[in-house]
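Read through the structure below, which is laid out as structure tokens, and then see the notes.
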Amino acid sequence: MSAVDDKSKTGDETSAPSIAAPNFVNEIIEEDLRAGRRGGQVHTRFPPEPNGYLHIGHAKSICLNFGAATKFGGLCNLRFDDTNPTTEDPEYVASIQNDVRWLGFDWQDRLFYASDYFDKLYAYAEQLIESDKAYVDSQTQEQIAAERGDFYRPGQDSPFRNRPSAESLALFRRMRAGEFDDGAHVLRAKIDMRSGNLNLRDPVLYRIKRAHHYRSGDTWCIYPMYDYAHCISDALEGITHSVCTLEFEDHRPLYDWCLDQLPVPCHPQQIEFARLNLSYTVLSKRKLLQLVDDKLVDGWDDPRMPTLAGLRRRGYTPEAIRAFCERIGVSKRDGVVDVSLLEYILREDLNARAARVMAVLRPLRVVIENFPEGAIEWFDAQNHPEHPEQGSRKVPFSRVLYIEQDDFREEPPKKWFRLTRGAEVRLRYACLIRCNDIVKDPQTGEVTELRCTWDPQSRGGTASDGRKVKGTLHWVSAAHARDAEVRLYDRLFSQENPNDGDDFRRFINPASLSVLRECKVEPHLGTSQPGDLFQFERLGYFCADASEHQASKLIFNRTIELRDSWAKIDGKP
RNA sequence: UCGGGGAUCGUCCAACGGCAGGACUCCAGAUUCUGGCUCUGGAUAUCUAGGUUCGAAUCCUAGUCCCCGAACCA
């Protein structure tokens with residue numbers, strides 16, 4: 001895991017999240033404020049369970065919750081919903097805090113854990129029993145399940161449902177004291193076994209689970225269930241608007257029921273929105289975990305992962321992710337956002353900020369025959385043509401250069417602007433060259449070298465006689481170039497909806513990563529630091545790998561290609 | 001067959017009884033020392049059927065389709 005180290009900010013840019021765009025959640029909050037409800041306060045929370053890394057779907061929720069708080073002058077808490085010790089891990093707790101901070105949000109001193117409320121939750125549970133709103137059921141899990149009925153048949157009351165509350169209380173205390181085996185008893189709410197909403201058919205509130213909790217250790221052997229713990233945690237923190245995803249919609253009556261039975265400080269309003277789905281991507285914790293466990297990717301921060309850690313290592317900026325979350329909006333319709341929107345916003349952000357450099361990924365040797373051996377010309381190259389204030393740098397030019405193999409074709413197709421025998425092109429920021437001859441490997445017939453001449457009158461890139469060339473190529477001087485490894489990342493899945501079939505893993509794109517080990521980059525890149533972002537001119541946006549890049553071994557990740565309209569033309573018949 | 005939710009360009013989001021709009025994608029063109037960026041133009045939508053109304057994406061009625069729900073997961 002790479003530390004939070006945001007190299008992506010340029011000096012004059014602020015990382016302050018922009019004000020949340022209007023959406024139906026904000027409209028509800030605004031209306032509450034207008035009507036003077038909830039004491040005129042806005043207090044939200046982001047409540048992850050620490051059982052996996054955060055992904056871009058969580059970013060939507062984070063932006064919504066923190067964004068609403070910011071927009072209305074309120075607060076947003078970070079709370080770990082850690083009520084299931086068997087799946088949770090401190091590694092996740094650390095990564096989640098790291099990622100939320102990196103995204104640009106601040107919970108200040110309001111970092112909470114549901115596990116810190118275990119005492120209070122337990123005391124409330126005793127109250128529930130005393131007021132005959134909950135009872136201890138001593139049936140097996142199977143019996144309870146069978147009794148619950150199904151969608152079409154009502155449930156049946158448990159034989160223990162009318163157990164005297166004193167008896168339930170005594171049993172519950174013994175559950176807590178560790179006198180029973182796992183599963184021997186559960187605490188259930190006494191609601192309505194015939195409800196059409198299965199969540200109200202006497203849901204389990206507490207279960208016995210002898211598992212070591214990463215925070216509370218072995219203090220507890222009973223743990224509260226989500227429906228019971230979440231609403232009370234919200235109330236204890238004074239949450240006004242409890243925003244969650246659509247699948248909790250029919251849990252809302254239970255959320256409200258619990259709070260109605262107890263003398264909690266307040267009764268937050270649960271509001272549900274549609275979770276993010278992205279084309280060519282999986283966003284379920286289960287599947288992401290499987291990718292990691294099965295080593296189909298290189299960990300949670302593999303640059304192909306939609307995790308915030310993966311996106312960060314890939315070269316995404318927090319600003320781009322936030323802009324994306326704003327742009328997709330918030331609604332109750334479940335849909336699939338086209339990943340090309342994410343890519344568009346990424347390019348938009350990177351185009352504005354990334355310094356331009358030249359790098360040759362698949363080198364083809366070029367000899368400038370009329371350029372003296374050992375001589376060097378230094379040309380001035382702009383760091384960012386759209387931001388001249390970012391200055392320029394000197395790039396060395398000499399007799400032997402490298403250009404991209406893709407930029408030469410012996411038999412050029414129509415509309416070919418690049419190099420071919422007899423053609424003239426510009427080397428970016430340098431000069432015009434013409435290709436006179438080609439050298440081939442006598443065995444393979446592969447083109448191994450281009451023999452060219454330069455026009456000394458075109459120094460800087462424009463011909464003295466005003467003649468135009470259509471093609472401009474990037475290049476590096478062979479003698480001055482640094483070697484680099486470049487990792488070309490592409491979409492992890494080749495199927496638009498990888499969740500479609502029986503096994504999402506068969507849609508993994510076999511070309512999602514290809515490693516190029518013989519790349520040549522301009523000397524300037526020798527001083528680049530892990531995390532630095534660049535545009536390799538004419539190729540795409542790249543970042544120095546956050547964990548493996550070093551001065552002695554340059555490693556760049558391709559964040560995203562530049563749009564390539566030539567590929568379209570070239571691809572046509 | 002039960003409960004909850006949702007249906008607007010290919011995709012996402014707007015329009016809150018008064019000209020269906022924006023963004024992405026796609027197509028065409030201009031510009032360009034990045035076949036990038038930028039700019040211009042174009043294509044494409046109100047689930048269906050009735051009703052209310054001067055006027056309906058919006059209100060009413062009846063359908064249709066899609067999503068979620070039967071963990072001692074969250």
Side-chain angles (χ1 to χ4, degrees), chain A residues 21-23 27 47-49 51 81-84 86-88 137 140-141 144-146 148-155 182-188 195-201 203-209 222-223 225-227 229-230 244-253 272 274 276 279 285-286 327-345 347-348 351-352 356 358 381-382 385-386 415-418 425-430 432 460-462 468-474 535-541 561-570:
Chain A
N23 61 57
E27 278 172 19
E49 184 190 14
N51 66 348
D81 220 337
D82 53 356
T83 57
N84 184 0
T86 55
T87 58
E88 295 154 8
D137 195 335
T140 64
Q141 190 167 349
I144 290 174
R148 185 153 27 230
D150 58 29
F151 293 152
Y152 317 112
R153 283 190 316 249
D182 288 14
H185 307 276
V186 289
L187 182 70
R188 289 230 259 170
S195 172
N197 182 346
L198 294 258
N199 295 120
L200 297 182
R201 317 245 263 228
V204 171
L205 265 25
Y206 266 91
R207 75 284 209 185
I208 304 172
K209 194 186 268 255
I222 59 171
Y223 292 94
M225 300 289 291
Y226 163 84
D227 286 300
H230 195 86
C244 63
T245 43
L246 251 27
E247 69 270 24
F248 292 103
E249 217 152 10
D250 51 14
H251 290 239
R252 187 173 358 116
E272 310 85 9
L276 172 68
S279 61
K285 278 192 183 178
R286 199 202 98 235
R327 217 86 78 85
I328 56 176
V330 180
S331 76
K332 297 194 71 152
R333 278 194 254 180
D334 49 3
V336 184
V337 175
D338 196 330
V339 74
S340 63
L341 176 61
L342 211 212
E343 294 172 343
Y344 172 85
I345 291 172
R347 288 192 183 100
E348 185 176 62
N351 176 54
R356 267 99 244 236
M358 291 196 286
Q382 287 180 271
E386 290 166 35
K415 296 192 185 170
W416 180 257
F417 300 162
R418 283 119 96 147
V425 298
R426 172 167 37 241
L427 294 182
R428 178 133 208 183
Y429 295 125
L432 269 29
T462 34
K468 305 279 187 202
V469 295
K470 280 197 209 154
T472 298
L473 310 186
H474 58 278
Q535 185 196 96
F536 288 1
E537 293 221 30
R538 301 209 308 135
L539 296 174
Y541 298 96
E561 295 155 283
L562 251 27
R563 274 239 295 265
D564 185 0
S565 56
W566 164 248
K568 269 180 209 164
I569 300 168
D570 194 36

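Values reported hereafter were calculated over all heavy atoms of this structure, with side chains retained and with hydrogens, waters and symmetry mates removed.
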Checklist entry - Which pair of heavy atoms, one from A/Ile144 and one from A/Val186, lies closest together, and at what distance? => result CD1-CG2, 3.8 Å
Checklist entry - Starting at CD1 of A/Ile144 and ending at P of B/C72, how long is that distance when rounded to a whole Å? => result 7 Å
Checklist entry - Using Watson-Crick and G-U wobble pairs whose two distances are both under 3.5 Å, how do you write the pairing of RNA chain B as dot-bracket, with | for links to another strand? => result .((((((..((((....[..)))).(((((.......)))))....(((((..]....))))))))))).....
Next on the checklist: Would you say A/His185 and A/Asp137 are linked by a side-chain donor-acceptor pair, where the criterion is simply a distance under 3.5 Å?
Outcome noted: no
Item to check | Contact check, side chains of A/Lys285 and A/Asn51, non-hydrogen atoms, under 4.5 Å | outcome: yes
Next on the checklist: Counting C-beta onward and ignoring hydrogens, is there a side-chain heavy-atom pair between A/Gln535 and A/Leu562 closer than 4.5 Å?
Outcome noted: yes
Checklist entry - Between B/C73 atom C1' and A/Leu205 atom CG, what is the distance in whole Å? => result 15 Å
Item to check | Gap in Å between the two C1' atoms, one belonging to B/G10 and one to B/G17, rounded | outcome: 30 Å
Checklist entry - Under the rule syn = chi within 90° of 0, otherwise anti, which is B/A7? => result anti
Next on the checklist: Using 0.5 Å steps for rounding, measure from the OH atom of A/Tyr344 to the CZ atom of A/Arg327.
Outcome noted: 6.5 Å
Next on the checklist: Please tell me whether A/Glu272 and A/Thr245 have a donor and an acceptor in their side chains that are separated by less than 3.5 angstrom.
Outcome noted: no
Checklist entry - Is A/Glu348 side chain donor-acceptor paired with the B/C24 base, going by distance under 3.5 Å alone? => result no
Checklist entry - Base, sugar-phosphate, or nothing: which does A/Thr86 touch, judged by heavy atoms less than 4.0 Å apart? => result nothing
Close N/O contacts between protein and nucleotides 63-71 of chain B (under 3.5 Å):
residue	atom	partner	partner atom	Å
B/C67	O2'	A/Asp334	OD2	2.8

Item to check | First encountered from the 5' end of RNA chain B, between A/Tyr206 and A/Arg356 | outcome: A/Arg356
Item to check | Among A/Arg426, A/Glu537, A/Arg418, A/Met358, side chain to side chain contact (heavy atoms under 4.5 Å, CB included) partner for A/Leu473 | outcome: A/Arg418
Next on the checklist: With a 3.5 Å cut-off and heavy atoms only, can you find an N or O donor on one side and an acceptor on the other between the side chain of A/Gln535 and the base of B/U34?
Outcome noted: yes
Item to check | Length of the OH-C1' vector between A/Tyr226 and B/C73, whole Å | outcome: 11 Å
Item to check | Over all atoms of both residues, closest heavy-atom pair of A/Ala274 and A/Arg333 | outcome: CB-O, 3.2 Å
Checklist entry - So, is A/Ser565 close to the B/G36 phosphate, meaning a side-chain N or O under 4.0 Å from OP1 or OP2? => result yes
Checklist entry - Which part of the nucleic acid, if any, lies within reach of A/Tyr429 when heavy atoms closer than 4.0 Å are counted: base, sugar-phosphate only, or nothing? => result base
Checklist entry - A/Asp564 near the nucleic acid: base, sugar-phosphate alone, or nothing, with a heavy-atom cut-off under 4.0 Å? => result sugar-phosphate
Next on the checklist: Roughly how many Å apart are B/A20 and B/C9, using the C1' atom of each and rounding to a whole number?
Outcome noted: 10 Å
Checklist entry - Where do A/Arg347 and A/Arg563 come nearest, in terms of heavy atoms and distance? => result NE-N, 3.8 Å
Next on the checklist: For the C1' atoms, the ones on B/G36 and on B/C47, what distance do you get once it is rounded to whole angstrom?
Outcome noted: 42 Å
Checklist entry - For A/Trp566 and B/G35, is the gap between ring centres under 5.5 Å while the planes differ by less than 30°? => result yes
Next on the checklist: When the C1' atoms of B/G5 and B/G50 are compared, how many Å lie between them, rounded to an integer?
Outcome noted: 25 Å
Checklist entry - When you compare B/A45 with B/A14, how far apart are their C1' atoms, in angstrom units rounded to a whole number? => result 13 Å
Checklist entry - Given side chains that start at C-beta, do those of A/Tyr223 and A/Arg207 come closer than 4.5 Å, heavy atoms only? => result yes
Checklist outcome for this item: Per-nt protein contacts along nucleotides 25-32 of chain B (heavy atom under 4.0 Å; B base, S backbone sugar-phosphate only, - none) come out as SSSS----
Item to check | Atom-pair distance (CD on A/Glu343; C1' on B/G36), nearest Å | outcome: 16 Å
Checklist entry - Looking across every strand, which nucleic acid part, if any, lies under 4.0 Å from A/Gly461 by heavy atom: base, sugar-phosphate, or nothing? => result base
Checklist entry - Considering residues at least two apart in sequence or located in another chain, which fulfil the side-chain contact (heavy atoms from CB on, under 4.5 Å) criterion with A/Glu561? => result A/Arg558
Checklist entry - Just checking A/Val469: base, sugar-phosphate only, or nothing, at a heavy-atom cut-off of under 4.0 Å? => result nothing
Next on the checklist: Considering every strand and a 4.0 Å limit on heavy-atom distances, what is the contact class for A/Thr140: base, sugar-phosphate, or nothing?
Outcome noted: base
Next on the checklist: Output the rounded distance in Å from CD (A/Glu49) to P (B/C73).
Outcome noted: 10 Å
Next on the checklist: In whole Å, I'd like the distance from the CZ atom of A/Arg327 to the C1' atom of B/C24.
Outcome noted: 9 Å
Checklist entry - With no angle test and no hydrogens, is the base of B/G36 tied to the side chain of A/Glu561 by a donor-acceptor pair under 3.5 Å? => result no
Next on the checklist: Base, sugar-phosphate or nothing for A/Glu27? Non-hydrogen atoms, less than 4.0 Å.
Outcome noted: base
Item to check | Pairwise 5' ranking along RNA chain B for A/Leu427 and A/Glu249, keeping only the more 5' one | outcome: A/Glu249
Checklist entry - Ignoring hydrogens and angles, does a donor from either the side chain of A/Arg538 or the base of B/G35 sit under 3.5 Å from an acceptor on the other? => result no
Next on the checklist: Counting distance alone, no hydrogens or angles: does the base of B/U11 have a donor or acceptor under 3.5 Å from a partner atom on the side chain of A/Arg333?
Outcome noted: no
Checklist entry - Taking atom P in both B/U8 and B/U1, what distance in whole Å separates the two? => result 24 Å
Next on the checklist: Checking A/Asn197 now: which residues fulfil side-chain hydrogen bond (donor to acceptor under 3.5 Å, both in side chains) with it, not counting sequence neighbours?
Outcome noted: none
Checklist entry - When you check the side-chain N and O atoms of A/Thr472 and A/Arg428, is any donor under 3.5 Å from an acceptor? => result no
Next on the checklist: Counting the atoms with a prime plus P, OP1 and OP2 as sugar-phosphate, which does A/Arg252 contact under 4.0 Å by heavy atoms, base, sugar-phosphate, or nothing?
Outcome noted: nothing
Checklist entry - Nearest heavy-atom pair of A/Glu88 and A/Asp81: which atoms, and what distance? => result OE2-O, 3.6 Å
Checklist entry - Which listed nucleotide (B/G36, B/U34, B/G35) is nearest to the side chain of A/Glu386? => result B/G36
Checklist entry - At under 4.0 Å, does any side-chain N or O of A/Ser331 touch on OP1 or OP2 of B/G6? => result no
Next on the checklist: Tell me whether the side-chain N/O atoms of A/Lys209 come closer than 4.0 Å to OP1 or OP2 in B/C73.
Outcome noted: yes
Next on the checklist: I'd like to check the salt bridge (Lys or Arg N to Asp or Glu O under 4.0 Å) partners of A/Arg153; sequence neighbours left out, ordered by chain and number.
Outcome noted: A/Asp150
Next on the checklist: Using OP1 and OP2 only, check whether a side-chain N or O of A/Arg286 sits under 4.0 Å from B/C73.
Outcome noted: no
Checklist entry - Say you pick atom P in B/A23 and the same atom in B/A30; how far apart are they, in whole Å? => result 22 Å
Next on the checklist: Can you tell me how the ring of A/His251 sits relative to the ring of A/Tyr226, calling it parallel under 30°, perpendicular over 60° and tilted otherwise?
Outcome noted: perpendicular
Checklist outcome for this item: Here the distance between atom P of B/A23 and atom CG of A/Leu342, to the nearest Å, is 19 Å
Item to check | C1' atoms of B/C37 and B/U44, separation to the nearest Å | outcome: 27 Å
Item to check | For atom CG of A/Asn351 and atom P of B/U34, their distance in whole Å | outcome: 13 Å
